[in-house]
Amino acid sequence: MQVPPAHQPKSPALTTFLERGYFEQASDFAAIDAAMTAGMMTFYVGYDPTGNSLHVGHLVQVMAMRALQRAGHRPIVIVGGGTASVGDPSGKSETRKLLSRADIEANAAALRAQLSQFLHFDSGAPNDAVMLDNADWLLELRYIDFLREIGRHFTINRMITVKTYRDRLDAEIPLSFLEFNYQLLQAYDFLHLFRHHGCILQFGGSDQWGNMVAGIELIRRMTPEGEPGTAHCLTLPLLTTADGKKMGKTERGAVWLDPERLPPFDYYQYWIGCDDRDVAKLLRIFTELPIAEIAALTQDGGAALNAAKARLAYEATRLLHGQEAAETAQTAARQAFGGGEDWSAVPELNLDLAEIKLIDLVTHPELLAFKSKREARQRIEQGAVKINGELCIDPARVLTAADCGGAYLRLQAGKKTRVRVTILPS
RNA sequence: GGAUGGGUGCCCGAGUUGGCCAAAGGGAGCGGACUGUAAAUCCGCCGCGUCACCGCUUCGUAGGUUCGAAUCCUACCCCAUCCA
């Protein structure tokens, strides 16, 4: 394990990694730098297809891949269709449930769609990203052959020193043989990619360190004398916010990249609501603004940071959802939170009703500004709700089409919720 | 398998001589004020409802005693530590 040397790396890609904050540690910093300097390098990142959407917590890795691809290197995205049926025990305190093939395939498709926002897969360039499913080579493995060829290179003595296994054993939480094999399979993935796709670098979160190193060692042992047998890995930092929480988690749940789960407007708001202390860091990691520009945006501090946050939110939203969505979100945010009256870009809620009580509106399942009527009543009475800019403290107030002033009603509930409501019986 | 301690609201954690307990305190969260859609601070809320002092459902699960139970009894489940 090496930390980056004091001197600057030679490759643009690694330079970017360092200055933007994607780098944590590497197996051999100088060798990776050399490989990146030499020309197009192939690297890979693995994903567990256990969910159908990525969230902001995954985004550092995505941005890092994007940076490397922009620097001319070739990403391979492994979707762990094979390993998902085993389950990575890393960072998990419990044995996880297994997924069906159909789920895995659907999740893989969703993953590819989201990554396509950040990486090019089909541009025709030599460094187009490639997505592979490790089920393609893992499922056909034959047990005895695998044991003889791969298993012989691993010692139990060494394997149980890996932190993720160590922790499980120390805590005496059952670690099944199935899960124990995860490391071998991931190492085998790396070997497969090394041999068949010329992949020499893997990166991932620091919880993947042990698995990645296992791959490097396997490759070294399996490579005949005289052939280049080096592979490398590096880890990305786990981001936390200034108040010590994991990036991308809010009380309302994860910050999803899927617009069906989290509309662009809310995605934009997530970024703009960040802590002052995090702005510069977030701009470096989640946007592609030049470092000098970021410095200029954030140098004044104080209220001037709001401009930087707006830029952060805009850029981050643009990368994920495109320019149009980003502009819409920006316009909507300025109107809704800046006291504007033109809410045409603000998210809307259409009600096919003649009338609705304020308390019912605010707890409407699609809005859920407050999670129960009891809470809603209290908040309304505390002055949390404004209708068309007017404070309304009567939970029983009845709203009709007349309140929409011909178009829509501007509802603000608490600090975050801004919705354009139309009440119109069909 | 045996012994002991323990399971309380989102989390931590009081409460177990039965009523004053919807349950102290802290944290998180939410709302308001102040600000800059930030932080800090202050005030308020923080089980649910057709809701000010009313009703309903909560203190591992299921029964029981009692006018009344988180608090007592019985069985069961789970957790921690120690012994075998």
Side-chain angles (χ1 to χ4, degrees), chain A residues 93-95 170-174 240-255 262-283 286 297-317 326 328-341 343 345-347 355-365 367-387 389-398 410-420:
Chain A
S93 55
E94 289 178 24
T95 301
D170 286 348
E172 294 185 29
I173 297 165
T240 53
T241 57
D243 48 359
K245 302 206 174 64
K246 262 190 193 170
M247 215 26 232
K249 295 276 184 202
T250 68
E251 282 305 309
R252 290 228 164 176
V255 181
L262 187 77
F265 178 79
D266 295 304
Y267 188 73
Y268 181 94
Q269 285 303 134
Y270 170 74
W271 293 104
I272 214 160
C274 75
D275 192 301
D276 278 14
R277 294 164 288 182
D278 292 323
V279 187
K281 180 174 80 181
L282 298 180
L283 278 165
F286 297 105
L297 273 168
T298 54
Q299 69 179 349
D300 285 342
L305 280 177
N306 283 341
K309 288 182 189 181
R311 194 64 193 282
L312 167 66
Y314 175 80
E315 293 295 333
T317 307
T328 303
Q330 185 170 59
T331 306
R334 281 181 182 154
Q335 288 294 318
F337 290 93
E341 295 195 356
W343 283 28
V346 175
E355 58 175 50
I356 187 168
K357 273 200 252 177
L358 178 56
I359 189 165
D360 293 325
L361 170 59
V362 133
T363 53
H364 187 93
L367 185 57
L368 219 61
F370 304 113
K371 60 184 185 297
S372 69
K373 290 193 178 183
R374 170 170 263 265
E375 182 180 330
R377 177 176 295 108
Q378 287 167 339
R379 299 296 163 269
I380 292 169
E381 287 167 356
Q382 284 174 320
V385 172
K386 287 183 182 173
I387 294 164
E390 301 274 317
L391 189 63
C392 179
I393 57 168
D394 176 16
R397 167 146 174 209
V398 174
R410 284 173 282 129
L411 173 73
Q412 60 189 91
K415 291 177 182 160
K416 303 277 169 69
T417 307
R418 300 289 185 277
V419 183
R420 168 167 67 103

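Residue numbers begin at 1 in each chain, while the letters A, B, ... track the order of the sequences.
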Both distances under 3.5 Å, Watson-Crick or G-U wobble: report the partner of B:C82, or none.
B:G2
How close or far is atom P of B:U50 from atom CD1 of A:I359, stated in whole angstroms?
7 Å
Using the C1' atom in both, what is the distance from B:A33 to B:C21, to the nearest Å?
33 Å
Please measure how far the P atom in B:G9 lies from the corresponding atom in B:U71, and state the result in whole Å.
14 Å
A:L282 CG - B:A38 P separation (whole Å)
16 Å
Expressed in whole Å, how much space separates the P atoms belonging to B:C10 and B:A23?
16 Å
Under a 4.0 Å N-O cut-off, is there an ion pair linking A:D276 with A:K309?
yes
Could you pull out the closest heavy-atom pair between A:V279 and A:A308, with the gap in Å?
CG1-CB, 3.8 Å
Does A:K373 or A:A333 map to a spot on RNA chain B nearer the 5' end, using the closest nucleotide for each?
A:A333
P gap between B:C34 and B:A52, integer Å:
28 Å
What is the separation between atom CD on A:Q335 and atom P on B:U37, rounded to the nearest whole Å?
15 Å
Could you tell me the separation between the CG atom of A:D300 and the P atom of B:G36, rounded to a whole number of Å?
16 Å
Treating A:E381 as the side-chain partner and A:I393 as the backbone partner, does any N or O pair qualify as donor plus acceptor under 3.5 Å?
no
Between C1' on B:G44 and CD1 on A:I380, what's the gap in Å once rounded to a whole number?
16 Å
Taking atom P in both B:A22 and B:G47, compute the distance separating them and give it to the nearest angstrom.
13 Å
Least distance between heavy atoms, A:L367 atom then A:V362 atom:
CD2-CA, 4.2 Å
Over how many whole Å does the gap from A:K357 atom NZ to B:C51 atom C1' extend?
12 Å
Both distances below 3.5 Å, Watson-Crick or wobble geometry, any strand: find the nucleotide opposite B:U50.
none
Side chain A:R379, main chain A:A384, donor-acceptor under 3.5 Å
no
Please check if the side chain of A:Y270 supplies one atom and the backbone of A:G248 the other of a donor-acceptor pair under 3.5 Å.
yes
Looking only at side-chain atoms of A:F337, point me to the closest of B:C48, B:U37, B:A38.
B:U37
Between B:A52 atom P and A:E381 atom CD, what is the distance in whole Å?
8 Å
How is A:G338 classified with respect to the nucleic acid when contacts are heavy atoms under 4.0 Å: base, sugar-phosphate, or nothing?
nothing
Searching all strands shown, indicate the nucleotide that pairs with B:A62 (Watson-Crick or G-U wobble; both distances under 3.5 Å).
B:U74
A:S372 side chain near B:G47 phosphate (N/O to OP1/OP2, under 4.0 Å):
no
Minimum heavy-atom distance A:G414-A:F370, with the two atoms named:
N-CZ, 4.4 Å
Show the nearest heavy-atom pair for residues A:T240 and A:K281, with the distance to one decimal.
O-NZ, 3.0 Å
Suppose you measure atom C1' in B:C11 against the same atom in B:C20; what distance do you get, rounded to whole Å?
28 Å
Between B:U66 and B:G13, how far apart are the two P atoms, rounded to whole Å?
36 Å
Between B:G36, B:U50, B:C48, spot the one nearest the side chain of A:N306, thanks.
B:G36
In short, A:A310 meets A:Y268 closest at the heavy-atom pair O-OH, 3.9 Å
Enumerate all atom pairs, one protein N or O and one N or O from nucleotides 28-31 of chain B, separated by less than 3.5 Å.
residue	atom	partner	partner atom	Å
B:C30	O2'	A:R379	NE	3.2
B:G31	OP1	A:K415	N	3.1

When the distance from CD of A:Q412 to C1' of B:G32 is rounded to whole Å, what number comes out?
13 Å
Could you please name the partner base of B:G31, counting Watson-Crick and G-U wobble pairs only when both distances are under 3.5 Å?
B:C43
Want to settle it: does A:Q269 or A:R377 sit nearer the 5' end of RNA chain B, counting the closest nucleotide to each?
A:Q269
Please report the distance separating the C1' of B:G7 from the corresponding atom of B:G15, rounded so that it comes out in whole Å.
15 Å
